[in-house]
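Computed from heavy atoms alone, side chains included, the values below leave out hydrogens, waters and symmetry copies. Per chain, numbering begins at 1; letters A, B, ... match sequence-line order.
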2 protein chains.
Amino acid sequence: MLDRLGDRWTVLVLVELSKGTRRFRELERAIPGISQRMLTLTTKRLCRDGLVERTVYPTIPPQTDYRLTPMGKSLADMVFALADWSRDHKDAVAAARSRWDREHA
Amino acid sequence: MLDRLGDRWTVLVLVELSKGTRRFRELERAIPGISQRMLTLTTKRLCRDGLVERTVYPTIPPQTDYRLTPMGKSLADMVFALADWSRDHKDAVAAARSRWDREHA
DNA sequence: CCGTATCCCTTAGGATACTG
DNA sequence: CAGTATCCTAAGGGATACGG
């Protein structure tokens, strides 16, 4: 499970879907740099794990909606907690790094 | 920052150090499967980020102690929160997966 | 014991092209 | 639009050998 949050794209999809239902193309545009392939793989994994739900409208052109399940929402909350931690300690980490880099020049 | 927790070895080292001060060899034994190379890289990154502190005793044979900084401890707490989430939802995820696998056979 | 330096192989994932 | 299929390369990380 922890390795799921290790995946960069997974986290970004989770965050984007936490804002509401999104279509495939909307996710793609909202997440700069993601390839079609990775978006497909990522959403598929999230669906398989029961974190995201998919609804397909067999219209022309086709439309697919993605949205977080309750479990997905709770995981997204963990992501936000991590993001908070990250923000709170960003400066301290940066300071530690520059100090390390100075001392190991 | 989030990608740090994506790294499997980083998480395991963090967890092990949360139990107390450890020497290089102790970490290696406590984390099955980690290579010397990855342990070195992982501890070095953690030190650079100010999450772990190193104390070297220039004895023969040499000895090096690793321990979490306060910031490292707080990150370890986040890891434990994730582990809790994981434990709480383990069954639900497993169920979702087997259902998915059944339906996509 | 505590690392560093190389080699080497696997795999993640981007680019591209094609379907319903 | 919403994917699937194929190719290809960059790099993460294991195995091994060596140094202080």
Kindly write out the residues that satisfy side chain to side chain donor-acceptor pair (under 3.5 Å) with B:T42, not counting sequence neighbours, or none if the list is empty. none
Atom pairs and distances, donor-acceptor, side-chain atoms in residues 18-33 of chain A, under 3.5 Å, two or more places apart:
residue, atom, partner, partner atom, Å
A:S18, OG, A:V15, O, 2.5
A:K19, NZ, A:E16, OE1, 3.1
A:R22, NE, A:E16, OE2, 2.8
A:R22, NH2, A:E16, OE2, 3.4
A:E26, OE1, A:R23, N, 2.7

Any side-chain heavy-atom pair from [X] and [Y] closer than 4.5 angstrom?
X	Y	answer
A:R102	A:R99	yes
B:V52	B:L17	yes
B:W85	B:K90	no
B:T43	B:L39	yes
B:R45	B:D7	yes
A:Q63	A:V56	no
A:W100	B:C47	yes
B:T55	B:Y57	yes

Round to a whole Å and report the spacing from CG of B:L41 to P of C:dA5. 11 Å
May I have the distance from B:I60 (atom CD1) to C:dC2 (atom P), rounded to whole angstrom? 14 Å
Please walk me through it: do A:F80 and A:L82 pass side-chain contact (heavy atoms from CB on, under 4.5 Å)? CA-CA 5 Å; A:F80 287 126; A:L82 281 172; over 6 Å; no
Go ahead and write out DNA chain D as dot-bracket, 5' to 3': ( ) for pairs within the strand, [ ] for ones crossing earlier pairs, | when the partner sits on another strand, dots for unpaired; Watson-Crick or G-U wobble, both distances under 3.5 Å. ||||||||||||||||||.|
Ignoring backbone atoms, test whether [X] places a side-chain nitrogen or oxygen under 4.0 Å from the OP1 or OP2 oxygen of [N].
X	N	answer
B:K44	C:dG3	no
B:T64	C:dG3	yes
B:R54	C:dG3	yes

Give me the residues of residues 12-22 of chain B where at least one heavy atom lies under 4.0 Å from an atom of DNA chain C, by number, or none. none
Outermost nucleotides of DNA chain D that come under 4.0 Å of a non-hydrogen atom of chain B: D:dG13 to D:dG20
With sugar-phosphate taken as primed atoms, P, OP1 and OP2 and all else as base, the protein-contact string of nucleotides 14-20 of chain C at under 4.0 Å (heavy atoms; B, S, -) is BB-B--B
Sidechain N-carboxylate O distance under 4.0 Å for A:D49, B:R97: yes
May I ask you to decide if A:Q36's main-chain N or O and A:T40's side chain share a donor-acceptor pair within less than 3.5 Å? yes
Specify the residue among A:D7 and B:F24 whose closest nucleotide of DNA chain C lies further upstream toward the 5′ end. B:F24
Give one of base, sugar-phosphate or nothing for A:Y57, where a contact means two heavy atoms less than 4.0 Å apart. nothing
